[in-house]
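Shown next, in structure tokens, is the structure this report addresses.
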Amino acid sequence: MSILVVGSVAYDTVETRSERRERQLGGSASYFSLAASRFAQVRVVGVVGEDFRQEDLDLLASRGVDIAGVVRAPGKTFHWSGRYHADMIERDTLATELGVFKDFRPVLPAGWETTPYLFLANIHPAVQVSVCDRLSDPRLVILDTMNLWIETTRADLMEVLRRVDVLLLNDGEARLLSGETGLAEAAAAIRGMGPERVVIKKGEHGALYFGPDSVLAVPALLLPEVVDPTGAGDTFAGGFVGHLAAAGADRRSGEDVFRQAMLSGTALASFCPEAFSVECLCGLTAEDIEGRVARLRAMMTP
Ligand code: AMP
């Protein structure tokens with residue numbers, strides 16, 4: 001079962017207390033693809049600039065990611081820059097340079113319209129709507145968003161939310177979108193906007209799943225050292241959606257497959273902060289992932 005992802009394929013400049021890494025491979029679609037490709041075939045729709053290194057495209061392709069939908073346009077690749085606080089959780093965005101992203105009009109390669117799973121990664125909601133429109137009856141549509149779009153393009157976001165089955169967002173974004181303080185109330189309000197299921201990520205405190213018939217709280221795995229947490233949310237999404245695709249889930253599936261997908265998402269996300277950029281996702285084996293899922297299950301068993 002394949003997954004189509006539309007999102008940023010980017011260069012990130014990341015500063016921590018001890019290091020600064022310039023223009024390394026990042027972007028929501030890159031992290032997502034490298035995680036989801038452990039479970040299912042992934043097709044990426046995105047845009048890069050003339051400065052994008054061929055070796056970075058080769059890296060995605062070498063992990064089995066289909067990059068036929070990534071076009072190279074005149075101009076510079078989307079560039080995001082951030083600086084982490086000493087706690088390695090809070091961060092300040094120093095720059096968001098849209099580059100070729102500004103005029104991005106996604107084009108789907110022939111045959112991709114029938115892809116059964118659609119992940120709309122963090123990107124302008126009008127672009128998310130346009131990709132949604134081109135897919136014929138996907139089994140599941142999953143969406144990630146961020147403060148920027150909730151604050152600046154709410155009408156477009158509300159339109160895309162009506163077509164979405166699962167929304168992933170963090171706790172601050174859930175409060176902002178719903179206007180509610182409590183997360184259960186926030187999830188209920190968001191479910192009224194369209195998505196039948198809502199996943200609220202809480203960083204080092206794990207993630208909450210709110211479905212039609214159940215709620216699940218999954219803790220985060222405790223990591224000895226955090227090198228660079230950038231992309232952990234997208235990596236979570238890759239494990240979550242990858243699990244659903246591998247299981248052949250659809251909107252009529254029972255709660256169990258969505259609850260199990262929460263474990264795969266959490267397990268994948270736990271690798272991401274162990275190194276800069278996408279490094280920790282490249283050499284992962286099935287045993288590595290199963291080992292983290294087993295650790296999680298042990299943490300969740302009284
Ligand atoms: P996360 O740490 O999960 O929030 O994801 C960080 C990734 O999102 C980085 O690799 C950035 O390149 C990408 N990113 C940051 N801002 C945006 C934006 N406005 N649109 C699309 N991608 C973004």
Side-chain angles (χ1 to χ4, degrees), residues 7-35 46-49 51-53 55-56 59-60 75-102 104 121-125 144-153 157 168-177 200-207 220-239 265-266 268-282:
S8 53
V9 179
Y11 279 144
D12 292 345
T13 297
V14 173
E15 279 179 46
T16 66
R17 269 215 303 194
S18 52
E19 267 192 89
R20 176 186 159 87
R21 294 284 184 101
E22 282 214 27
R23 291 188 178 268
Q24 44 181 12
L25 178 60
S28 51
S30 308
Y31 282 104
F32 175 88
S33 308
L34 289 168
V47 63
V48 296
D51 58 335
F52 202 75
R53 297 177 289 262
E55 70 202 54
D56 290 327
L59 174 82
L60 293 171
K76 284 202 138 187
T77 298
F78 174 78
H79 177 227
W80 175 83
S81 164
R83 182 187 295 136
Y84 283 91
H85 296 194
D87 62 8
M88 291 303 285
I89 298 167
E90 293 293 318
R91 72 184 181 203
D92 299 318
T93 291
L94 304 178
T96 302
E97 294 154 9
L98 294 180
V100 290
F101 225 40
K102 197 153 47 124
F104 177 41
N122 178 19
I123 197 171
H124 195 299
D144 194 2
T145 192
M146 68 184 289
N147 286 9
L148 176 68
W149 312 123
I150 299 171
E151 283 166 349
T152 63
T153 57
L157 182 59
L168 311 177
L169 75 182
N170 71 33
D171 45 356
E173 292 158 354
R175 292 188 173 101
L176 185 67
L177 178 60
I200 300 183
K201 297 169 284 178
K202 288 157 53 65
E204 61 167 349
H205 301 297
L221 281 157
L222 304 170
L223 300 172
E225 194 194 3
V226 174
V227 176
D228 173 16
T230 308
D234 307 307
T235 306
F236 176 97
T266 303
L268 261 293
S270 74
F271 293 104
C272 185
E274 292 179 349
F276 278 99
S277 181
V278 298
E279 265 169 52
C280 269
L281 302 177
C282 293

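All heavy atoms count here, side chains included; hydrogens, waters and symmetry mates do not. Residue numbers run from 1 in the order of the sequence given.
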side-chain contact (heavy atoms from CB on, under 4.5 Å) between Val278 and Tyr31, intermediate numbers included = CA-CA 7 Å; Val278 298; Tyr31 282 104; 3.8 Å; yes

Carefully, step by step, assess Thr77 and Glu97 under the rule side-chain contact (heavy atoms from CB on, under 4.5 Å).
-> CA-CA 8 Å; Thr77 298; Glu97 294 154 9; over 6 Å; no

Verdict with reasoning, Leu157 to Ile150, per side-chain contact (heavy atoms from CB on, under 4.5 Å) | CA-CA 7 Å; Leu157 182 59; Ile150 299 171; 3.7 Å; yes

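The nearest pair of heavy atoms linking Ala237 to Phe32 is O-CE1, 3.4 Å. Residue Gly231 comes nearest to Cys272 through the heavy atom pair C-SG, 3.7 Å, listed as atom of the first residue, atom of the second, then distance. Of all non-hydrogen atoms in Thr235 and Leu268, the two that sit nearest each other are CG2-O, 3.5 Å. Across all their heavy atoms, Leu59 and Cys282 have their closest contact at CD1-SG, 3.8 Å. The shortest heavy-atom contact between Glu274 and Cys280 is CB-SG, 3.3 Å. Counting all heavy atoms, side chain and backbone alike, Gly239 lies closest to Ala35 at N-CB, 4.1 Å.
By the 4.5 Å heavy-atom criterion applied to side chains, Lys76 and Tyr11 are not counted as neighbours. Annotation: side chain of Val100 is not in contact with side chain of Val48 (no heavy-atom distance under 4.5 Å). Using a 4.5 Å heavy-atom cutoff, the side chains of Glu15 and Leu94 are in contact. Here the side chains of Arg17 and Tyr84 are not in contact, with every heavy-atom distance at 4.5 Å or above. With a 4.5 Å cut-off on side-chain heavy atoms, Ile200 and Asn170 do not count as touching. With a 4.5 Å cut-off on side-chain heavy atoms, Met88 and Leu223 do not count as touching. Taking 4.5 Å as the limit, some side-chain heavy atom of Ile123 sits within range of a side-chain heavy atom of Phe101.
Remark: Leu169 CG to Leu176 CG distance equals 9.5 Å, nearest 0.5 Å. With rounding to the nearest 0.5 angstrom, the NE2 atom of His205 is 6.5 Å from the CD1 atom of Ile89. Considering NE2 of His85 and CZ of Arg91, their distance stands at 10.5 Å, rounded to 0.5 Å. Note that the CG atom of Asn122 and the CG atom of Asn147 stand 10.0 Å from one another [nearest 0.5 Å]. Rounding to the nearest 0.5 Å gives a distance of 10.5 Å between CG of Leu25 and CD of Glu279. Going from atom CE of Met146 over to atom CG of Leu177 covers 14.0 Å, rounded to the nearest 0.5 Å.
In this structure, the salt bridge (Lys or Arg N to Asp or Glu O under 4.0 Å) partners of Glu19, at least two apart in sequence or on a different chain, are Arg21.
The backbone N or O of Ser277 sits less than 3.5 Å from a side-chain atom of Asp228, completing a donor-acceptor pair. With hydrogens and angles ignored, the 3.5 Å screen pairs a side-chain donor or acceptor of Thr13 with a backbone N or O of Arg23. In terms of modelled atom types and a separation under 3.5 Å, the side chain of Ser28 and the main chain of Ser8 share a donor-acceptor contact.
Shown are Thr230, Asp12, Thr93; of these, the side chain to side chain donor-acceptor pair (under 3.5 Å) with Trp80 is made only by Thr93.
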